[in-house]
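Reviewing the structure listed below.
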Amino acid sequence: MKKLIVLGLLILISCQAIAQNKKLYEASTNKFEFVAVPKLGYARLIETGNGPVTGFINAGDLLLSFQLGKEFKLASGLGMIQFDFNRTFAGNTTSFRNSYLRVPLNLIGTYSIYKVKPTNESVFLTYGFGFYANNLIKQEIDTGIVATSTSNLGWNFGYSIQLGMKFIVSDALNLGVGYEVQSDFSKIKSNGTEQKLEGLNTINFTIGFKL
């Protein structure tokens with residue numbers, strides 16, 4: 001987690017130093033882009049038989065995007081989410097770790113922040129909306145005495161909204177930082193219980209490579 005925070009700070013520092021002297025990114029004829037998106041944040045778990053609980057999110061996506069016109073991209077790939085939280089039963093604290101496999105499909109737009117566009121525009125506002133399929137691939141439980149795990153607990157679906165900034169480093173490389181809100185609109189049903197994540201809020205750091 002600390003490494004991701006350091007990475008984000010380095011991205012911001014490097015972007016400010018180099019963003020003013022780069023070529024126009026949109027002039028590139030490459031339509032495909034590989035994007036890595038590490039994420040940090042928090043979420044709330046809603047589960048039948050238990051009260052809502054808030055925990056920490058450590059996540060990341062690996063995406064392939066395709067340019068749709070000048071301003072939009074369609075991106076999909078695979079993501080992993082690690083959700084850590086605690087519950088207290090009869091005065092004893094039990095630690096939980098839910099691991100999710102996520103398949104997102106996002107429409108991402110780019111908007112110029114300048115009223116008068118410079119010749120070599122290198123800073124853009126980004127925004128997006130998408131949907132995802134989500135699989136709870138493993139739940140680990142540690143009571144402090146006994147540790148157990150359960151696999152393949154089921155699928156559900158949700159939506160996401162993104163907002164951020166993109167900094168063009170070169171024709172082939174861009175960096176970014178943003179904020180994302182996600183929420184499940186269906187529940188994972190397993191072993192007589194139902195659960196879903198609500199209010200999943202993350203700070204995202206992006207690294208994009210034109211292919």
Side-chain angles (χ1 to χ4, degrees), residues 3-5 7-12 14-16 18-19 22-41 43 57-82 99-114 117-118 120-135 137 155-185 197 200-211:
K3 291 181 179 179
L4 290 177
I5 294 174
L7 174 62
L9 292 173
L10 290 175
I11 287 175
L12 291 176
S14 62
C15 288
Q16 292 177 350
I18 63 182
K22 300 304 172 185
K23 297 179 180 180
L24 182 62
Y25 185 71
E26 272 64 24
S28 174
T29 59
N30 297 328
K31 291 184 177 294
F32 288 97
E33 183 179 36
F34 174 78
V35 184
V37 191
K39 307 177 181 183
L40 291 172
I57 291 290
N58 191 346
D61 293 339
L62 294 177
L63 306 174
L64 182 65
S65 70
F66 179 76
Q67 190 75 37
L68 300 174
K70 293 183 178 180
E71 297 183 357
F72 293 97
K73 294 181 179 180
L74 191 65
S76 186
L78 293 176
M80 291 293 298
I81 295 178
Q82 179 180 296
S99 298
Y100 301 87
L101 173 67
R102 181 159 295 195
V103 184
L105 179 63
N106 299 323
L107 182 65
I108 302 170
T110 302
Y111 182 78
S112 174
I113 63 174
Y114 301 100
K117 294 185 179 181
N120 294 326
E121 191 173 5
S122 55
V123 182
F124 296 88
L125 175 70
T126 61
Y127 55 94
F129 179 82
F131 298 94
Y132 57 81
N134 195 50
N135 179 237
I137 58 176
W155 290 85
N156 68 342
F157 301 92
Y159 69 91
S160 67
I161 300 172
Q162 307 102 34
L163 183 66
M165 299 294 294
K166 180 170 71 175
F167 305 89
I168 307 308
V169 179
S170 70
D171 286 344
L173 175 66
N174 67 85
L175 304 174
V177 62
Y179 180 72
E180 183 174 16
V181 178
Q182 304 175 65
S183 187
D184 298 345
F185 54 67
L197 290 177
L200 199 162
N201 295 263
T202 58
I203 298 296
N204 299 354
F205 308 102
T206 61
I207 306 174
F209 300 94
K210 285 282 188 177
L211 300 179

Hey, can you tell me if F72 and Y127 have their rings parallel, tilted or perpendicular (30° and 60° cut-offs)?
-> perpendicular
Without swapping roles, check the side chain of T206 against the backbone of G176 for a donor-acceptor pair under 3.5 Å.
-> yes
Provide the closest heavy-atom pair for G130 versus Q162 in the form atom of the first, atom of the second, distance.
-> N-NE2, 4.4 Å
For residues D184 and Y159, is any side-chain donor paired with an opposing acceptor at under 3.5 Å?
-> no
Can a donor-acceptor pair be found between the side chains of Q67 and S65 at a distance below 3.5 Å?
-> no
Might you point out which heavy atoms bring L63 and G77 nearest each other, and give the distance in Å?
-> CD2-N, 3.8 Å
All heavy atoms of K166 vs all of N174, minimum pair found to be CD-OD1, 3.6 Å
Sidechain-backbone polar pair: S76 side chain, P104 backbone, donor-acceptor under 3.5 Å | yes
Regarding Y179 and N204, is there a side-chain donor-to-acceptor distance under 3.5 Å anywhere?
-> no
Pair F32 and F66, ring centroids less than 6.0 Å apart = yes
Closest contact, heavy atoms only, F209 versus L173 | CE2-CD1, 3.5 Å
4.5 Å side-chain heavy-atom contact, K73 and T110 = no
Which atom names give the shortest non-hydrogen contact between N134 and Y100, and what distance separates them?
-> ND2-CD2, 3.2 Å
Listed partners of L200 passing side chain to side chain contact (heavy atoms under 4.5 Å, CB included), at least two apart = A43, I57, I81, R102, Q182, L197, T202
Is a salt bridge present between K39 and D61, judged by a nitrogen-to-oxygen distance below 4.0 Å?
-> yes
